[in-house]
There are 4 protein chains.
Amino acid sequence: MKADERKEAILKCATKLFSTQGYYQTHISDIIKEAQIARGTVYQYFTNKDEIFITIVDTFFDKWRDMISFESARIDLATISPKGYLRYRILQTLIFLSKDADLCNIALRIGLGLPEKVSQTINRFEQKTMEMIAEDLRFGQQEHNVPDNINVETTAAILTGALLRTAHHYFVGKRRQRGYSQKEIEKIADDFVAVFTHGIFVPRDKMSISAA
Amino acid sequence: MKADERKEAILKCATKLFSTQGYYQTHISDIIKEAQIARGTVYQYFTNKDEIFITIVDTFFDKWRDMISFESARIDLATISPKGYLRYRILQTLIFLSKDADLCNIALRIGLGLPEKVSQTINRFEQKTMEMIAEDLRFGQQEHNVPDNINVETTAAILTGALLRTAHHYFVGKRRQRGYSQKEIEKIADDFVAVFTHGIFVPRDKMSISAA
Amino acid sequence: MKADERKEAILKCATKLFSTQGYYQTHISDIIKEAQIARGTVYQYFTNKDEIFITIVDTFFDKWRDMISFESARIDLATISPKGYLRYRILQTLIFLSKDADLCNIALRIGLGLPEKVSQTINRFEQKTMEMIAEDLRFGQQEHNVPDNINVETTAAILTGALLRTAHHYFVGKRRQRGYSQKEIEKIADDFVAVFTHGIFVPRDKMSISAA
Amino acid sequence: MKADERKEAILKCATKLFSTQGYYQTHISDIIKEAQIARGTVYQYFTNKDEIFITIVDTFFDKWRDMISFESARIDLATISPKGYLRYRILQTLIFLSKDADLCNIALRIGLGLPEKVSQTINRFEQKTMEMIAEDLRFGQQEHNVPDNINVETTAAILTGALLRTAHHYFVGKRRQRGYSQKEIEKIADDFVAVFTHGIFVPRDKMSISAA
DNA sequence: TATGAATGAGTATTCATTCAT
DNA sequence: GATGAATGAATACTCATTCAT
């Protein structure tokens, strides 16, 4: 087994364990048993337990950010409606999160009482989500698609909470299924957008509520 | 100091510590130092650390439930509009949560990897919130105030996430202030309701909100 | 309740508990619960846990010693045969022990790892038994009822072990009955004596028991 | 130091300590100080304190049982007299017990108030001794070497008590010497047998009392 | 590089004893 | 005398990390 594969195996097993047992209840012993490696080997790839956890969340965070910017780049803002844009964002995020329930479980839970660095890494995920949403809202206001009198801060918190909780509900919680089809996720995204459309977007003349 | 006062003191200090340090990073040593009592004293009032935590969350849960039912009883459903009802609910919850940031912090974080019983207690809070919201939505559908074609499950998850996160944002997170005036909280509640009103409630003239 | 009654109640309950749970597994909490008194009250009558235990064993020891000397005084050594004397001793001891299984249980178990003073008290019981038996044997040798070539030390150990274990077997162990009739105990004593008679006492005709 | 050696060292030190201090007064701290190892090392070889204790007694028990069966196998029952057989048994047991005073001390004390499992392990030793003796007696009755009218139960209790107490007296108690020569132990065994010979065995016509 | 035995600081919990009421 | 809340030293066990092989 090559070095990279070994590191990958540790991360994979650790992800699964962190996701189900949480940070404190996942012990190095569990990880090495799952990954079938020796205790010392873990410390050849990671300086300590925290670093394993942080690496996992960071990787997830980076993938997610890349996904967002990559996808964003492909959207022609001129041709898409504000609602269409929102739907696109929500849908992409949900698809991304649906792919890895374990990571979703780790990232969507606000870590309370974790070691400082670990805590920061996790919170970064939520903060970034909220910032991004706030940015989108402000952009919408500039373009006059979003009402000026909307409270961006509150609305961003609302959308963030709504989005992450919905993802958690479907991909992590009791309701969780093994896999979701593209159609099923689109349905969730549509339901989501439907709730917010009228509250967030300026109803210019006529704006059909059907998904773009 | 009387027995009840002492128990109260332990709970008070423990609440503060659990809120800031989390379950695992709050040690009995910390609690007794904070409460200025002997180690053994803790075990006169609680059988173990879990019980302290559970007592805190349970008490909070009960207060919160009482508040809800008490307040609910005072509302005349005949004279209040659906939107007014939502606003009332949101406002009451926010007021309640704003009063105790520590408890809010504990209750609003989904515990991952906590001891079974502890975990259950915390989750109960969220579940109850979602159930209550779902119930309200279904009642709204019966009364034809909420569109039939709304997905109650998704919408309940959305509203729960939105509400708890908003509370967390203002009462626990960085944005946190010491105290909020009634007016400030009303403002947050209004912003909250504004976002959802159009998506959830049937517009008087046309009831045309259909997803896809 | 008078002071003496209270002290007696503590001793009674403690005896029962020490007998079933042992020294370390009997806690002051158990005693006060059983005796239905307050924690502090115990310390008005005894300086500490050890003293309770020691008092119990001492009392038992004294009763037992008194019984022996009292009974001894009533025997006319001139008229009783050596075997009759042995039978009498064994029988009295068995009757005495059969009366209180709890005390029997405490006294017959060699305490290992008990606090120094406690340990001494218990051992005193066994030592005394052995000394007494050795004394009887030596007296028998003087009177030419017991062979000279018998090893008093070994034989005393043998008889002590045999006697205490027999008592333990019938009054404490699994074989334990609630109560034994005088007849039943006499049967045990007879069986006991029968085993030893020929080995210990000089047969009238030939005194030929020599080891090796 | 190899793994097995380390485990052995722990057992050796623990045996010594359990023997002198008893179960409750032997602390893990004492064991690691004696064995000059780290606290955690103990738990690499044993799951808890009980297991150390149980391992010690079990090992002793197994050795003892093996010794008995092994030796038994070598005796030709056809050529040995009943008394010779008894003497052989007693002698082997005494030799075995004389070899390790610490183990002897642990095994020969009836544990009162020890943790359930620990208690069972210790009692097993005594029970087995008594069963074995009872078996021998019954076999003797079949072969008409032992009188039919003997009470096997009582006699087994007597012999067990006598044997274990004798061993305790010479190998553990105050009388204890460092080492005993084969001759000295034979002397004890002969004294032991001498006491019981006439009480237990059927005096056919003439039966010389000299050791077989 | 891989291993896994060894480490020891850290933690919850117990329980005999005290002492103010 | 009686009470029982308060005390805190003591103890078994954990587990991330190290390091010799």
With sequence neighbours left out, the residues meeting side-chain contact (heavy atoms from CB on, under 4.5 Å) with C:Glu34 are C:Cys13, C:Lys16, C:Leu17
Compare all side-chain heavy atoms of [X] with those of [Y] and state whether any distance is below 4.5 angstrom.
X       : Y       : answer
B:Phe46 : B:Leu11 : yes
A:Tyr23 : B:Tyr24 : no
C:Thr41 : C:Ile32 : no

Counting primed atoms plus P, OP1 and OP2 as sugar-phosphate and everything else as base, spell out the protein contacts along nucleotides 12-21 of chain E at 4.0 Å heavy-atom distance: B, S or - for each nucleotide, 5' to 3'.
BBBBBBB---
Stems where DNA chain F pairs, listed by first number, each of three or more Watson-Crick or G-U pairs under 3.5 Å
E:2-21 with F:2-21
All side-chain hydrogen bond (donor to acceptor under 3.5 Å, both in side chains) counterparts of A:Asp30, not counting sequence neighbours
none
B:Gln127 meets the side-chain hydrogen bond (donor to acceptor under 3.5 Å, both in side chains) criterion, sequence neighbours left out, with none
Separation of [N] [atom2] from [X] [atom1] (nearest whole Å):
X       : N      : atom1 : atom2 : value
C:Glu5  : F:dA2  : CD    : P     : 11 Å
A:Asp30 : F:dC15 : CG    : C1'   : 11 Å
B:Gln21 : E:dT11 : CD    : P     : 12 Å
B:Tyr45 : F:dA6  : OH    : C1'   : 8 Å
B:Lys33 : E:dG10 : NZ    : P     : 12 Å
C:Ile37 : F:dT3  : CD1   : P     : 7 Å
D:Phe46 : E:dA5  : CZ    : C1'   : 15 Å
C:Ile10 : F:dG1  : CD1   : C1'   : 12 Å

Cation-pi check, A:Lys49 to A:Phe18: give yes when NZ or CZ is under 6.0 Å from the six-membered ring centre and within 45° of the ring axis, no otherwise.
no
Start with the C-alpha distance between A:Asp62 and A:Arg65, add both sets of side-chain angles, then the distance that settles salt bridge (Lys or Arg N to Asp or Glu O under 4.0 Å), and finish with yes or no.
CA-CA 5 Å; A:Asp62 290 346; A:Arg65 203 183 41 195; 3.4 Å; yes
Pairwise 5' ranking along DNA chain F for B:Ala38 and C:Gln36, keeping only the more 5' one:
C:Gln36
Is the phosphate of E:dT7, meaning OP1 or OP2, less than 4.0 Å from a side-chain N or O of D:Arg6?
yes
Using atom types as modelled, flag every donor-acceptor pair under 3.5 Å from a side chain in residues 52-61 of chain C to any protein atom, sequence neighbours excluded.
residue, atom, partner, partner atom, Å
C:Thr55, OG1, C:Glu51, O, 2.5
C:Asp58, OD1, C:Arg124, NH2, 2.4
C:Thr59, OG1, C:Thr55, O, 2.6

